[in-house]
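A note on names: the letters A, B, ... follow the listed sequences, proteins ahead of strands, and every chain is numbered from 1. Only this structure's heavy atoms are used, side chains among them; waters, hydrogens and symmetry mates stay out.
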Amino acid sequence: MKRRTKEAWAAYAFLSPWMIGFVIFMAIPMIASLVLSFTDYDALRSPDAVGWANYRRLLEDPAVRKSLVNTLVYTVMSVPATMAVSLALASLLTRAGHRSAGFFRTVFYLPEITPKVAVGVLFLILFNGQAGLVNAVLGLVGIDGPQWSTDGPWVKPGLVLMHLWSVGSTVVIYLAALRGVPRELYEAAELDGASAWQRFRRITVPMISGALFFTLIVQTIAALQSFDEAYTAFYGSAASATYSNDAALFYLIYLFQQAFEFLHLGYASAMAWLLFVVILLITLVQVRLSRRFVHYEGGDR
Amino acid sequence: MARKLLAGATVVLLLSGCGGVGSGGDTGAAATLTSMGFGLGDEIATTRADLAGKAIAPATVKIGGSAFDAQQFLASVASRTPPDLVYLDRQLLGTYAARGTLEPLTDCIAQQHIDVGQYRPAALKEVTLDGKVYGMPEFYDNRVLLVNDAAVETSGMTPRDVSPADRAKLTTAAQKLTVRTGGGLSRIGFDPKIPEFLPLWAKANGVQMLSDDGRTAHLDDPRLAEALTYTKSLIDAQGGWSAVKAFRDSFDFFGEKNPFKQGQLAATLMDDWYLNVLANYSPDVRVSAAPFTDTAGTPIDWVTGSAWVIPAGSTHKEQACAWIKTMTDAPSWVAAAKARAEKRKAAGKAFTGVYTGNRVADQEIFGSFVQLKDRPAFDTAVQTVLRAQDSAFTMPASPAGSEFKTAWQNAVNRVLSGEQQPADALRQAQQEAQRALDAAAAHR
């Protein structure tokens, strides 16, 4: 056997666990989900073909519109906030000493391993408008905090702030990117009299634009699939057994309700495919726009 | 067939990460039954579970301890490995029974000689769909008015001033009993408990939200809109939903610093079991109970609770049947009540009883074990709850019970958050609920 063929077989052998997993747990369910989206199916009886009925219902269902808008608004608020806070923290970490940087890196990353369900419960405690810690702190500086968990317009901002609890992985990515920026560029800019803001805007941002773009895509997809915290806080826990707030009805929560509470798995499959298309379109737009802003080493802007 | 297999396999694959509760797959003589939704939290559960365990010995039951999880149940049914026993909210039962996932208990009742007459008719109605009994009722939660006498008296009023019969007077009382400090509330005057208790308010306005056969919603009835408008106005009179809900969320409802003890709540509609919480943690609190009434003063008691069911694919139906018979039988309830009464007595605390779906059990429990002569406030409250049972009503079992409940609760939530007016919200809920009910009926 030729060496090249041997190497190819070795590569396939190493790749096979992932490929088998992908086919069984991703490809087949995706295809089945597409098929089921054209059926009326409750998981307990045989599916009945209903043609495009589920997709037509998507257009008429006010809860689909509401949940989609909620999710998009949350994404628009959450992604820039996450990126900005992560970048600020990473910038601070680059200035820290070697030992303290390790400590703070761990501190920032620890919340990532906190279960999202716990974060949802924490939201209700910390952001309680009457007795929550957040409003207590705001009160110390003379701000009368809002009713984060019950007042519709404040629900999403509250969830965004809570999400900032777990920016650790993004901070680590930015930290690595910031450490890759050549020091000479800053020294040259300083000699030319560039201010800190100019150095950040003209050197740092372009040099880490690849990392920024990567996190933009990943964070956007994650935000569009938001579920755990909002579900725990407003829909799934004993405390929220009866009260929910429409402002927190994210698309995936409504999809989950349709699938597992109401047993409309055909309709939920159609919803899943609509979300897939939305994510695909948004990602394509981001990729298209990225050509103008993302700088790759050795390539054009 | 191939399509069915593909669909089934898909659901199993999709849900494979969610865990299952399949049957033990016993090979020996002693079967191990699996259960879902039940936990051994206290002596009321452990005493009965011990007796039920003896009834099916040498078989045993594996008790998971977590609450009923629709997703987990669905996964286990789709993969044809359902648990042998499921403990769930009676209002959900119709949804699963209508889809053929629950075993009708007709044979079980006959083989185990279960005396159906011992169960309270209202509880039995909740577990009956199309004339077939699908579950055995457990608790019997009554909803009554609980008044914090001390808080009411500090406002220069008497508990009788908090009367649901006179709506205008109730609004005035709620306003007067509400206390604000700084930017927030420090006492809620009267909590009408919506969305949870909307069916109670609806009944008081003459509306049965769901038809007796569980297939027609009556959510767009103007009298229901009026009830919702009134209850919302009660909340508005006390500072608005955001403030009331945020304050309510900060309560230590089940602990020593409960809102009655802390004076954070003057009056509320509540489940009967809360008397037990108060008797355990705040035996000296001055509480009084009154039945909820319509505007003519006629008592109304909305009751519901949980039930034991056997999934259609259960592999140990006989033992499962014997288990649920024992769990809901009068002697088991009496033994459990005795255990709790002794425990409370040893701690120097009062025992306010256990309200069960079993009429015979309740007679024995409240006749022999509930001795509250030295706690007159609790004694009167218990007698009130017992009398309220004469006016009990339930929501009928429905093939789309889950969707129906979600539709009306979401409508109330939209009203509370100021998103919609009551009539509009309930009109939307009517459409959502009726579409779900029609779809469920069409599949039967």
Name the region of A/Q130, side chain, backbone, both or neither, that has any atom closer than 4.5 Å to a heavy atom of chain B.
both
With rounding to the nearest 0.5 angstrom, report the CG to CG distance, A/L44 to B/L74.
5.5 Å
Has the side chain of A/N128 got a donor or acceptor atom that lies under 3.5 Å from a matching backbone atom of B/A246?
yes
For a 4.5 angstrom cut-off between non-hydrogen side-chain atoms, does A/D246 reach B/N413?
no
Given heavy-atom pairs under 4.5 angstrom as the criterion, report whether the side chain, backbone, both or neither of A/D42 touches chain B.
both
Of the backbone (N, CA, C, O) and the side chain (C-beta and beyond), which part of B/E419 lies under 4.5 Å from a heavy atom of chain A, both, or neither?
side chain
Stepwise, does the side-chain contact (heavy atoms from CB on, under 4.5 Å) test hold for B/L416 with A/T150?
CA-CA 9 Å; B/L416 289 172; A/T150 48; over 6 Å; no
Among residues 56-70 of chain A, which residues come closer than 4.5 Å to chain B, judged by heavy atom distances?
A/P62, A/K66
Go through the atoms of B/F253 and report whether side chain, backbone, both or neither lie under 4.5 Å from a heavy atom of chain A.
neither
For the residue pair A/L249 and B/N410, establish whether any side-chain heavy-atom pair is separated by less than 4.5 Å.
no
For A/W273, look at atom CH2 and say whether over 12 heavy atoms of other residues, nucleotides or ligands are found less than 6.0 Å away.
yes
Within 6.0 angstrom of B/Q421 CD, more than 12 heavy atoms from elsewhere
no
I need the residue from B/S402, B/A436, B/A70 with the largest number of non-hydrogen atom pairs under 4.5 Å to chain A.
B/S402
Check whether any side-chain heavy atom of A/F256 lies under 4.5 Å from a side-chain heavy atom of B/Q71, and answer yes or no.
yes
Would the number of heavy atoms belonging to other residues, nucleotides or ligands and lying under 6.0 Å from NZ of B/K261 be above 12?
no
Distance from A/Y235 atom OH to B/T406 atom OG1, nearest 0.5 Å?
10.5 Å
Residue part contacting chain A, namely of B/L92, when any heavy atom lies under 4.5 Å:
neither
Given heavy-atom pairs under 4.5 angstrom as the criterion, report whether the side chain, backbone, both or neither of B/T101 touches chain A.
side chain
Measuring only between side-chain heavy atoms, which start at C-beta, is B/T95 closer than 4.5 Å to A/F262?
no
Checking side-chain contact (heavy atoms from CB on, under 4.5 Å) for the pair A/E261/B/E403: CA distance, chi angles, key distance, verdict?
CA-CA 8 Å; A/E261 288 177 21; B/E403 279 172 278; over 6 Å; no
Please state whether the side chain, the backbone, both or neither of A/A259 comes within less than 4.5 Å of a heavy atom of chain B.
backbone
Do you know which of B/V412, B/L185, B/V77 has the most heavy-atom pairs with chain A at a distance under 4.5 angstrom?
B/L185
Got more than 12 heavy atoms from elsewhere within 6.0 Å of CG, A/D144?
no
